[in-house]
Amino acid sequence: MLLTRLAHVSQEIAATSARSRKITLLAELFRDAEADDVPIVIPYLAGRLPQGRLGIGWKVLSHQVEPAAEPTLTVREVDARLTALGKLSGPGSQAERTRLVGELMSAATEHEQRFLFGLITGEVRQGALDAVAMEGLAQATEAPPADVRRAVMLAGSLQQVAQALLTDGPQSLARFRLTVGRPVLPMLAHTASSVSEAVDKLGACAVEEKLDGIRVQVHRDGDSVRLYTRTLDDITDRLPEVTAAALELRGDRFILDGEVISFDSEGRPRSFQETAGRVGSRTDVAKAAKEIPVSPVFFDVLSVDGRDLLDLPFSERHAELARLVPEPMRVRRALVSGSEDLPRAEGFLTETLGRGHEGVVVKALDAPYSAGRRGASWLKVKPVHTLDLVVLAAEWGHGRRTGKLSNLHLGARTADGGFAMLGKTFKGMTDAMLTWQTERLQQLAVRSDDWVVTVRPELVVEIAYDGLQRSTRYPAGVTLRFARVVRYREDKRPEEADTVETLLAAHPEVRP
DNA sequence: TTCCGACAGTGGGGTCGCAAT
DNA sequence: ATTGCGACCCCACTATCGGAA
């Protein structure tokens, strides 16, 4: 199949807002794909490369190349070139990569270049990714969408399921069963603003501590243990102590879901930055493990001794978990019968925060494990802080925010009467706010280029955030975690904004 | 008819590893 | 030795579509 066909379909998908129409367009294309094209066409139209990331980003792609006049590239040829390019390493590889990208781009028409650019940077912006492609695949093969979805979650990959479906038909879906050693997309949580809101929604529930570490899925089959992240990357080699812990459990075959986190000598959780740095270390694992040892803490079990537990209610899965995993390696929890039991839930949150953890996750006791979904039966609750900060500058947005000032630079007052930038945010604004701030900030502009508009520091904005973290980038030595706009405070003057001093005082555990 | 679940989009900061400088 | 880039951890929030209630 020619690449130009994909580029055109992608453009057509982007041009329609109706999801049903996007699905139909995808289905038509998938039906026409030859067997050998399937493993390429499906991920491409889901906005991803089959080989994952290539080590090519916006920088390399921004070198403009004269486009070809006629579309001649086939998807298989593109795939072969990208595969070769992704394998490069060592001295000179960056230059060679850039050269090969240029060669590929010069064989592509302007239209194809745009499609390839989006594909390689992971920003196709066609309003359809995995979930919509999955629906298109179901329509193309006349398989029940729910069955396709389940197979994809269990395979951890749309591509494998697509290949099976298009070659062997809907009955091939039965092949995709929960298997020890093959990672499953993990269940995710929604956010609730308070414990009472969460308990009201869920009724009988477990309130569990939320640890600020790295999600891990542990597979053990006899002596073999594999560890996977939330996106199913294999991190077994980086965490030998987690493997050792899994081998000590009194079970032979299982899949566990939990969090990896580092505790200090007093048993307090280390900061997310420290845990994440440790989990990210690959070059000298032994040294890293000695300096910052991590522990797994589990909260769910998906499989035991060949039994698939996904569809069991959480209460029964937890009973299995308790049989397999001793207490200190399990997340702390409180059982709550419902709204009348709220004080217990709130007390548990207070205790958990006191132990230095992030918050809690409230889980319905009767819910199955919804792999790959942000199920409404898990609700996380974290304390939210707010500050009144001053807008120092704003950056022009992209995509649907083109032409709008979007990303705000936020400053807190300093002792000398100036402002120290604490970070940026683009979150929390409605379209109306974007329109308003674009107008207002341009009135306050003192300097402006293609990227950023610097303004007089006069506009006060209320910012919600999850906490402070250390920063080498910003002048105060700290930055806000997950900052988002709550509202503009036109009733406040910049002299009334919060100071760096009060911010640091509010978070004594974080030192610049 | 209204409500709500699921998706996609829009990017944030930090850290590590690797290649280039 | 330092710098820049890309990958991958963590993530909040809004708009929109379309099925559920």
Side-chain angles (χ1 to χ4, degrees), chain A residues 13-14 16-23 46-47 52-61 88-98 120-135 149 188-191 212-216 229-233 235 238 259-260 271-284 288 358 370 372-376 380 382 384 395 397-402 404 406-410 422-434 463-474 478-486:
Chain A
I13 291 171
T16 173
S17 63
R19 204 163 287 158
S20 48
R21 175 78 185 135
K22 291 179 195 280
I23 291 166
R53 311 259 27 116
L54 296 171
I56 304 168
W58 190 87
K59 200 77 192 175
V60 173
L61 288 167
L88 294 172
S89 69
S93 60
Q94 203 57 30
E96 181 64 1
R97 242 189 225 121
T98 306
I120 295 170
T121 58
E123 296 176 349
V124 291
R125 301 180 202 223
Q126 61 182 11
L129 296 171
D130 265 24
V132 178
M134 211 157 60
E135 294 279 339
R149 167 184 285 280
L188 306 171
H190 274 292
T191 303
D212 197 6
I214 305 288
R215 186 84 175 260
V216 68
T229 65
R230 194 162 91 82
T231 49
L232 312 189
D233 275 5
I235 53 166
R238 299 185 220 167
E259 194 87 358
V260 159
S271 73
F272 173 75
Q273 283 170 302
E274 290 172 286
T275 295
R278 162 61 213 280
V279 176
S281 297
R282 277 161 286 183
T283 42
D284 192 346
E358 208 188 352
S370 316
R373 316 201 73 166
R374 209 169 271 287
K380 58 181 159 184
K382 295 186 283 185
V384 175
E395 294 171 15
H398 299 90
R400 70 182 299 282
R401 291 193 179 187
T402 300
K404 294 281 174 10
S406 171
N407 201 1
L408 304 178
H409 296 196
L410 304 168
L422 288 177
K424 306 179 189 178
T425 185
F426 56 91
K427 295 174 188 168
M429 299 121 172
T430 61
D431 287 357
M433 284 167 80
L434 284 165
I463 298 294
Y465 66 104
D466 278 21
L468 267 196
Q469 49 185 351
R470 260 196 274 219
S471 170
T472 54
R473 176 181 313 219
Y474 292 110
V478 292
T479 187
L480 305 179
R481 193 157 179 217
F482 310 139
R484 59 266 190 193
V485 172
V486 180

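All chains are named by letter (A, B, ...) in the order of the sequence lines, taking the proteins before the strands, and each is independently numbered beginning at 1. Everything numeric in this text was worked out from a predicted model, so none of it was measured.
Protein atom CD of A:Q126 is 13 Å distant from nucleotide atom P of B:dT10, rounded to whole Å. Going from atom CG of A:D431 over to atom P of B:dG9 covers 15 Å, rounded to whole Å. With rounding to whole Å, A:E135 atom CD is found 21 Å from C:dT16 atom P. Straight-line distance from the CD atom of A:Q273 to the C1' atom of B:dC16: 13 Å, rounded to whole Å. Across the protein-nucleic acid pair, A:Q94 atom CD and B:dC18 atom P stand 13 Å apart, rounded to whole Å. In this structure, A:F272 places its CZ atom 12 Å from P of B:dG14, rounding to the nearest Å. For A:K59 and B:dT21, the NZ to P distance is 12 Å, given to the nearest whole Å.
At the phosphate of C:dC9, OP1 or OP2 sits under 4.0 Å from a side-chain N or O atom of A:T229. At the phosphate of B:dG12, neither OP1 nor OP2 sits under 4.0 Å from any side-chain N or O atom of A:K427. For C:dC13, one of the phosphate oxygens OP1 or OP2 lies less than 4.0 angstrom from a side-chain nitrogen or oxygen of A:R484. A close approach under 4.0 Å does occur between a side-chain nitrogen or oxygen of A:R53 and OP1 or OP2 of C:dA7. Listed pair A:H398 / B:dG9 fails the phosphate criterion, with no side-chain N or O lying under 4.0 Å from OP1 or OP2. Put simply, A:S406 has a side-chain N or O that comes within less than 4.0 Å of OP1 or OP2 on B:dG11. When the side-chain nitrogen and oxygen atoms of A:K382 are compared with OP1 and OP2 of C:dA12, one or more of them lie within a distance under 4.0 Å. Side-chain nitrogen and oxygen atoms of A:R473 include at least one within less than 4.0 Å of the OP1 or OP2 phosphate oxygen of B:dG14. Between A:R401 and C:dC13 there is no side-chain N or O to OP1 or OP2 distance below 4.0 Å. For C:dA12, the OP1/OP2 oxygens have a side-chain nitrogen or oxygen of A:K380 closer than 4.0 Å. Phosphate contact (OP1/OP2 of B:dG14, side-chain N/O of A:T472, threshold under 4.0 Å): absent. At C:dC10, one or more side-chain N or O atoms of A:R230 fall inside 4.0 Å of OP1 or OP2 (strictly under the cut-off). At B:dG13, none of the side-chain N or O atoms of A:Q469 fall inside 4.0 Å of OP1 or OP2 (strictly under the cut-off). Contact annotation: A:S20 reaches the phosphate of C:dG18 (side-chain N/O to OP1 or OP2, under 4.0 Å).
Note that NZ of A:K22 is 7.0 Å distant from CD1 of A:I13, once rounded to the nearest 0.5 Å.
At the heavy-atom level, A:E96 lies nowhere under 4.0 Å from the strands shown.
A cation-pi arrangement, defined by a distance under 6.0 Å to the six-membered ring centre and an angle within 45 degrees of its axis, is absent between A:R484 and A:F426.
Residues A:D466 and A:K382 form a side-chain contact, since some pair of their non-hydrogen atoms from C-beta on lies under 4.5 Å apart.
Between A:E274 and A:S271, the side chains place a donor N or O and an acceptor N or O closer than 3.5 Å (distance only, hydrogens not considered). Under the 3.5 Å distance criterion, with hydrogens and angles disregarded, a donor-acceptor pair is assigned to the side chains of A:H409 and A:E395.
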Decide yes or no on side-chain contact (heavy atoms from CB on, under 4.5 Å) for A:L410 and A:I463, but give the supporting numbers first.
CA-CA 9 Å; A:L410 304 168; A:I463 298 294; 3.9 Å; yes
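For A:A18, whose side chain is taken as the heavy atoms from C-beta onward, the closest listed nucleotide among C:dC9, B:dT10, C:dG18 is C:dG18. Among the nucleotides B:dA19, C:dC11, C:dC8, the one closest to any side-chain atom of A:S89 is B:dA19.
Comparing A:T402 and A:G277 along DNA chain B, the residue whose closest nucleotide (by nearest heavy atom) sits nearer the 5' end is A:T402. Between A:T479 and A:G127, the residue anchored closer to the 5' end of DNA chain B is A:G127, taking for each the nucleotide with the nearest heavy atom.
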